[in-house]
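This report refers to the structure that appears directly beneath it.
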Protein chains: 2
Amino acid sequence: MIAIGEAKHILGTAGLKATQPRLAVFMELLRSENHPTADQVYENIRQNHPGIARGSVYRILDHLVEAGLAHQVASKQGNKRFDANLGQHNHIYCQKTHDIQDYFNEELNQLVLDFFTKKKIENFTIQEIKVQINGIKTNPLEKVKIV
Amino acid sequence: MIAIGEAKHILGTAGLKATQPRLAVFMELLRSENHPTADQVYENIRQNHPGIARGSVYRILDHLVEAGLAHQVASKQGNKRFDANLGQHNHIYCQKTHDIQDYFNEELNQLVLDFFTKKKIENFTIQEIKVQINGIKTNPLEKVKIV
DNA sequence: CTGCCTGCAAAGGGTTTGCACATTC
DNA sequence: GAATGTGCAAACCCTTTGCAGGCAG
């Protein structure tokens, strides 16, 4: 977890004013592990920050993405989902519950990276490669366990 | 490309009546290579099938997905995009134009598959593994070329 | 103090839905 | 003929936007 002072600093470095609403959204994104939609972020924040406006949350999330402090993650569901974990990682996606869980594995990253240093693609600059593992959780209520 | 009679048969096998609108949508999905949104499918069909209703296209696409005749593809953009190409393949995604192009490579499929037969994930049944190659097209107007 | 940011509320756009009619099997 | 599917249009989100006031730097 990250301290509030640190969060302020990060925002500042990115050229964004460290306002209350922005801090709240940013911290919430960092805290959350389920890659929430804008609306979910809003609902989660609401409890501790009643004054915040839904529209502001949408705007702030867009700003964070634009500033490179957050990413939008791909989903089949057809709504935008956000992620403040910027390190290279992959996603485990439950097609029933629509949960997205991070999957870290350096060996896998390297494997795929190696493949694409050999295999070239023309008219295209690769920025990131993500492995999406789609399937179904046996027990929908529990998290997926990496062995 | 697929013949209309064959398309009818496929729909029938899936338990769907082969109606005019459904055939039109299904054929269009099969024809298209850019993983269109529901709205794009509607616009494309409109020219040859003026009578069709926008709402029907949305409904039909959902039915096709439910019946397993089409897939929804993951996108960062935040809207549903469809694909009738059911074979294992990966996606090249242009973060600027939002184009999605298919990437077929048996070696890559095998590579990733092998990895996950060794590496187990608990509380999760893997159904498909997709490698998403995100980046930017050098020339946005041209397609990406696989070498 | 200046410019950026927010709350509010209205507008926007894509998607879903209820209903009466049409169509397939 | 029965069940399923469609067109139409209204309703329903989720998201974006304009504006006047607020706040950080």
Side-chain angles (χ1 to χ4, degrees), chain A residues 4-5 7-29 35-46 48-67 69-70 72-73 75-82 98, chain B residues 4-5 7-29 35-46 48-67 69-70 72-73 75-82 98:
Chain A
I4 187 151
K8 275 191 190 177
H9 179 66
I10 296 176
L11 287 173
T13 308
L16 299 177
K17 285 188 185 170
T19 63
Q20 255 312 307
R22 225 173 262 186
L23 272 170
V25 170
F26 190 38
M27 299 287 284
E28 173 62 27
L29 247 202
H35 311 74
T37 65
D39 221 65
Q40 286 167 344
V41 172
Y42 172 65
E43 292 298 342
N44 292 343
I45 287 179
R46 230 147 115 64
N48 300 328
H49 306 262
I52 214 160
R54 180 183 256 105
S56 301
V57 174
Y58 280 86
R59 239 177 330 209
I60 290 167
L61 285 168
D62 284 345
H63 280 160
L64 291 178
V65 170
E66 213 172 311
L69 298 182
Q72 288 183 214
V73 315
S75 106
K76 298 193 180 197
Q77 229 184 145
N79 50 10
K80 287 190 197 168
R81 298 179 65 163
F82 297 88
H98 300 291
Chain B
I4 188 150
K8 275 192 188 176
H9 180 66
I10 296 176
L11 288 173
T13 309
L16 299 177
K17 284 185 187 171
T19 63
Q20 255 310 309
R22 224 173 262 186
L23 272 170
V25 169
F26 189 38
M27 298 287 284
E28 173 61 27
L29 248 202
H35 310 74
T37 64
D39 221 65
Q40 286 167 343
V41 171
Y42 171 65
E43 291 299 342
N44 292 344
I45 286 179
R46 230 147 115 63
N48 300 328
H49 306 262
I52 214 161
R54 180 183 255 104
S56 299
V57 174
Y58 280 86
R59 244 180 323 210
I60 289 168
L61 284 168
D62 283 346
H63 280 160
L64 290 178
V65 169
E66 213 173 312
L69 298 183
Q72 288 183 214
V73 314
S75 107
K76 299 193 178 197
Q77 228 184 149
N79 51 12
K80 288 189 196 167
R81 297 178 65 164
F82 297 87
H98 301 292

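Since this is a predicted model, take the numbers as computed values, not measurements. Note that these values count all heavy atoms, side chains included, but never hydrogens, waters or copies made by symmetry. Protein chains get the first letters and strands the later ones, always in sequence-line order, with residue 1 at the start of each.
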ask   = To the nearest Å, how far apart are R46(B) CZ and dT6(D) P?
value = 18 Å

task = Check whether the side chains of Y42(A) and R46(A) place a donor and an acceptor atom closer than 3.5 Å, and report yes or no.
result = yes

request  = Can you measure from CD1 (I52(B)) to CD (E28(B)) and round to the nearest 0.5 angstrom?
outcome  = 10.0 Å

Side-chain N or O of T19(B) closer than 4.0 Å to phosphate OP1/OP2 of dT24(C) = no

task = Hey, which sits more toward the 5' end of DNA chain C by its nearest nucleotide, A53(A) or L16(B)?
result = A53(A)

query = So what does G12(A) hit on the nucleic acid, given a heavy-atom distance under 4.0 Å: a base, only sugar-phosphate, or nothing?
reply = nothing

task = Check the distance between dG13(C)'s P and Q77(B)'s CD and give it to me in whole angstrom.
result = 16 Å

Euclidean distance, atom CD1 of residue I60(B) to atom P of dT24(C) [Å, nearest integer] = 13 Å

task = Report the distance from atom CD of E43(B) to atom C1' of dG13(C), rounded to the nearest whole Å.
result = 13 Å

ask   = Between the main-chain N or O of K76(A) and the side-chain N or O of Q72(B), is there a donor-acceptor pair closer than 3.5 Å?
value = yes

note = Under a 4.0 Å heavy-atom criterion, the protein footprint on nucleotides 14-19 of chain D, written with B, S and -, is SBB-B-

message = Measuring only between side-chain heavy atoms, which start at C-beta, is L29(A) closer than 4.5 Å to L61(A)?
response = yes

task = Rounded to the nearest 0.5 Å, what's the gap from CZ on R22(B) to CG on L69(B)? Could you check?
result = 10.0 Å

message = What is the distance, to the nearest angstrom, from the NE2 atom on H49(B) to the P atom on dG7(D)?
response = 11 Å

message = Reading DNA chain C from 5' onward, which residue's closest nucleotide shows up sooner: A18(B) or Q20(A)?
response = Q20(A)

ask   = Can you tell which of dC8(D), dT23(C), dC5(C) lies closest to the side chain of K17(A)?
value = dC5(C)

Nearest-angstrom distance from the residue atom CD of Q40(B) to C1' of dG14(C) = 12 Å

query = Rounding to a whole Å, what distance do you find between L11(B):CG and dT4(D):P?
reply = 16 Å

inquiry  = How long is the straight-line distance from CZ of F82(B) back to CG of L64(B), given to the nearest 0.5 Å?
reply    = 8.5 Å

request  = Could you tell me whether K8(A) atom NZ has more than 12 heavy atoms of other residues or ligands within 6.0 Å of it?
outcome  = no

request  = Grab the NE2-C1' distance between H63(B) and dT15(C) for me, whole Å please.
outcome  = 14 Å

